[in-house]
Student: 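One structure follows; several queries about it will come next.
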Amino acid sequence: MPFAYYSGGVTIRLYDTSARQIRDFAPLTPGCVSIYLCGATVQAAPHIGHIRSGLNFDIMRRWFEYRGYDVTFVRNVTDIDDKIITKAAGQGRPWWSIGYENERAFNDGYGVLGCLPPTYEPRATGHVTEMVEMMRGLIERGHAYEADGNVYFDVRSFPEYLKLSNQELDNLLQPSAEGETGKRDPRDFAMWKSAKPGEPTWETPWGRGRPGWHLECSAMAHKYLGSAFDIHGGGLDLIFPHHENEIAQAKAYGDEFAKYWVHNAWVTMSGEKMSKSLGNSVLVSEMVKHWRPIVLRYYLGTPHYRSMIEYSEEALREAESAFARIEGFVQRVVEKAGGVVEPCAEVPPAFAEAMDDDLGVPQALAVVHTTVRQGNSALAADDKEAAVARLAEVRAMLGVLGLDPLDAHWAGEGGDRGEDLHGVVDSLVGLVLQQREAARARKDWATADAIRDQLNQSGLVIEDGPDGPRWTLGPR
């Protein structure tokens with residue numbers, strides 16, 4: 001992907017949850033962007049709702065890189081929490097076995113859908129030292145206290161608490177887990193949990209125990225991005241309590257923490273957030289058995305990141321058809337050009353304008369489809385030069401979205417065996433199309449149409465062009 005950094009006259013704008021408005025993006029360090037994304041809690045394999053967050057921030061990262069920024073992208077792994085421990089006990093397995101198995105499943109899901117690997121992907125259990133240091137500092141500053149082996153954050157000591165979620169402290173119901181005894185105020189939250197029989201523990205100045213969820217991210221963000229960084233991301237469901245508590249810990253410790261807060265919306269089923277607890281999750285590992293990964297990426301990545309996606313097979317089929325129109329154009333121009341057409345150095349201005357405006361992928365995608373239609377018109381007019389020029393623009397735009405079918409990641413989609421089978425199918429379909437051409441030559445239109453209809457029923461689309469008929473796989 002070519003870089004196109006503009007030092008002046010171009011401003012990326014993002015919706016900042018903390019400001020409740022779209023703001024001009026101004027990085028802390030010119031030419032650099034630092035992003036911390038709350039990643040997987042690895043108690044189970046990922047469904048498409050989990051992976052949507054990774055996709056949305058992958059597109060954000062790609063756009064910043066296209067604009068010429070040097071991006072440091074941190075996506076953590078929460079490999080210890082109540083759910084992992086409960087599942088491990090229920091299955092009679094070590095907690096770390098559950099975590100590692102599902103961490104690999106998440107990385108497989110990110111990878112198969114074309115997400116770039118993060119700059120750093122820290123595990124919570126690898127940063128207990130940093131957590132202890134942060135707790136010690138907070139206790140010394142009067143923002144935290146120890147009780148019964150637990151360490152709690154004193155929410156009343158931090159006047160800005162609940163500013164992100166816009167709640168009133170007097171109305172707050174703080175989630176609390178079993179064993180969280182000794183709180184001075186029921187709204188205080190646990191940063192460290194005292195040891196319980198059968199649970200993993202680490203030694204601290206306040207006794208053995210394990211970290212609380214919120215403390216993990218504050219410590220890891222500080223470790224990898226310092227006391228201040230540009231963007232903190234995650235799903236809407238993390239605003240409270242997780243992100244609110246992260247802010248309290250980090251700022252009370254002395255960090256400036258995140259300058260912008262960006263949250264993606266959910267994937268829903270029947271109007272409810274997709275989740276393991278609701279039993280309505282659609283696992284990525286199963287989805288890619290039935291849908292091409294690039295189509296799944298198109299489906300999850302092309303709605304606006306702040307818009308809910310209501311899952312349905314009909315919507316997936318529509319996405320498949322829409323992408324097939326793009327992919328068909330790409331294939332036809334490559335055939336016409338007699339070789340690969342390289343992407344443009346810059347995307348069209350309308351595409352860039354849409355992406356700069358709070359990552360307006362739907363509007364940017366409309367530019368892609370308009371360019372495809374213009375390219376198809378050029379093909380119909382046998383204007384090879386114009387068709388090639390449109391394809392170069394389309395490839396540049398698709399590259400930003402991670403959807404370029406000619407990219408090396410997607411070129412091997414299906415593996416070598418798929419390429420072998422494509423050759424076999426091409427030979428067999430070629431024989432059938434020869435029979436159809438013979439029927440057309442003798443003006444036996446009924447037979448020619450019957451052959452085409454039979455091929456269509458088999459999932460193939462036949463297009464008649466000046467160079468003869470060609471076939472492509474149609475939407476299911």
Side-chain angles (χ1 to χ4, degrees), residues 1 3-28 30-38 49 51-73 75 115-116 163-166 229-239 243 257-268 297-310 319 346-371 396-403:
M1 165 56 62
F3 293 157
Y5 178 62
Y6 299 88
S7 58
V10 171
T11 301
I12 295 176
R13 306 173 72 233
L14 296 172
Y15 183 86
D16 180 6
T17 305
S18 61
R20 294 172 185 80
Q21 64 180 353
I22 294 177
R23 296 173 56 201
D24 291 350
F25 176 76
L28 291 167
C32 297
V33 180
S34 47
I35 303 172
Y36 185 94
L37 173 64
C38 282
I51 296 298
R52 183 194 181 184
S53 179
L55 273 173
N56 288 153
F57 284 90
D58 182 65
I59 292 172
M60 173 192 282
R61 178 222 190 131
R62 287 171 182 264
W63 184 244
F64 275 122
E65 289 183 345
Y66 171 81
R67 281 303 201 193
Y69 288 95
D70 181 9
V71 179
T72 300
F73 181 56
R75 185 182 66 211
C115 292
L116 300 172
K163 184 178 178 181
L164 179 70
S165 56
N166 197 29
F229 57 95
D230 292 307
I231 298 169
H232 195 311
L236 285 173
D237 52 320
L238 299 182
I239 294 175
H243 288 167
F257 213 48
K259 189 175 180 183
Y260 300 83
W261 287 84
V262 178
H263 293 92
N264 64 278
W266 303 329
V267 178
T268 61
R297 182 180 175 103
Y298 184 97
Y299 170 69
L300 293 172
T302 53
H304 194 275
Y305 75 90
R306 289 194 286 119
S307 299
M308 296 292 182
I309 298 176
E310 174 67 15
E346 296 183 12
V347 298
F351 181 94
E353 182 179 351
M355 292 296 290
D356 282 339
D357 188 10
D358 195 29
L359 303 176
V361 175
Q363 294 78 15
L365 193 65
V367 180
V368 174
H369 283 286
T370 296
T371 309
M397 293 185 282
L398 293 179
V400 166
L401 301 176
L403 287 167

Student: Verify the ring-centre separation between F257 and F229: is it less than 6.0 angstrom?
Tutor: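 Yes, the ring centres sit under 6.0 Å apart.
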Student: Looking only at heavy atoms, which two atoms of I231 and M60 are closest? And how far apart?
Tutor: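 Nearest heavy atoms, I231 then M60: CD1-SD, 4.0 Å.
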Student: Of all heavy-atom pairs between G54 and L37, which one has the smallest distance, and what is that distance?
Tutor: CA-CD2, 4.4 Å
Student: Does the distance from a Lys or Arg side-chain N to an Asp or Glu carboxylate O, for D230 and K259, drop under 4.0 Å?
Tutor: no
Student: What are the two closest non-hydrogen atoms of G234 and F57, and how far apart are they?
Tutor: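 Reported closest heavy-atom pair: N-CZ, 3.6 Å.
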Student: Output all residues satisfying salt bridge (charged side-chain N to carboxylate O under 4.0 Å, His left out) with R297, sequence neighbours left out; order by chain, then residue number.
Tutor: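 Residues passing salt bridge (charged side-chain N to carboxylate O under 4.0 Å, His left out) with R297: D58.
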Student: Are side-chain heavy atoms of E65 and L116 found at a separation under 4.5 Å?
Tutor: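 Answer yes - side chains close enough.
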Student: Nearest 0.5 Å, please: how far is OH in Y260 from CG in L28?
Tutor: 8.0 Å
Student: Please round to the nearest 0.5 Å and tell me the distance separating atom CG of L403 and atom CZ of R62.
Tutor: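 So the CG of L403 and the CZ of R62 are separated by 8.5 Å.
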Student: CG of L55 to CG of L401: how many Å apart, nearest 0.5 Å?
Tutor: 11.0 Å
Student: Given Y305, which partner from the list D358, N56, N264 fulfils the side-chain hydrogen bond (donor to acceptor under 3.5 Å, both in side chains) test?
Tutor: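 Only match with Y305 under side-chain hydrogen bond (donor to acceptor under 3.5 Å, both in side chains): D358.
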Student: Report the C-alpha separation of E353 and V367 in whole Å, then their side-chain angles, then the decisive distance to 0.1 Å, and conclude whether the side-chain contact (heavy atoms from CB on, under 4.5 Å) test is met.
Tutor: CA-CA 11 Å; E353 182 179 351; V367 180; over 6 Å; no
Student: Evaluate the side-chain contact (heavy atoms from CB on, under 4.5 Å) criterion for residues M355 and I59: first the C-alpha distance (whole Å), next the side-chain angles of each, then the deciding distance (0.1 Å), finally the verdict.
Tutor: CA-CA 10 Å; M355 292 296 290; I59 292 172; 3.9 Å; yes
Student: Distance from F351 atom CZ to Y66 atom OH, nearest 0.5 Å?
Tutor: 8.5 Å
Student: Please find the pair of heavy atoms, one from G31 and one from P27, that lie closest to each other, and give the distance.
Tutor: N-CG, 4.4 Å
Student: Can you label the angle between the Y36 ring and the H232 ring as parallel, tilted or perpendicular, going by 30° and 60°?
Tutor: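 Because their plane-to-plane angle lies in the 30° to 60° range, the rings of Y36 and H232 count as tilted.
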Student: Would you please name every residue forming a salt bridge (charged side-chain N to carboxylate O under 4.0 Å, His left out) with R23, sequence neighbours left out?
Tutor: D16
Student: Using the test salt bridge (charged side-chain N to carboxylate O under 4.0 Å, His left out), find all partners of D70 that sit at least two apart in sequence or belong to another chain.
Tutor: none
Student: Any side-chain to backbone donor/acceptor pair from T17 onto W261? Under 3.5 Å, distance only.
Tutor: yes
Student: Mind listing the closest non-hydrogen atom pair of T11 and F25 along with its distance?
Tutor: CG2-N, 4.2 Å
Student: What's the separation between atom CG in L238 and atom NE2 in H243, rounded to the nearest 0.5 Å?
Tutor: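 One finds 4.5 Å between CG of L238 and NE2 of H243.
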Student: Heavy-atom distance under 4.5 Å between the side chains of R67 and D356, does that happen here?
Tutor: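 In contact.
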Student: Atom CD1 in I35, atom CZ in R61: separation rounded to 0.5 Å?
Tutor: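 Taking CD1 in I35 and CZ in R61, the distance rounds to 8.0 Å.
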Student: Please report the shortest heavy-atom distance between R306 and H263, naming the atom on each side.
Tutor: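 Where R306 meets H263 most closely, the heavy atoms are CG-O, 3.8 Å.
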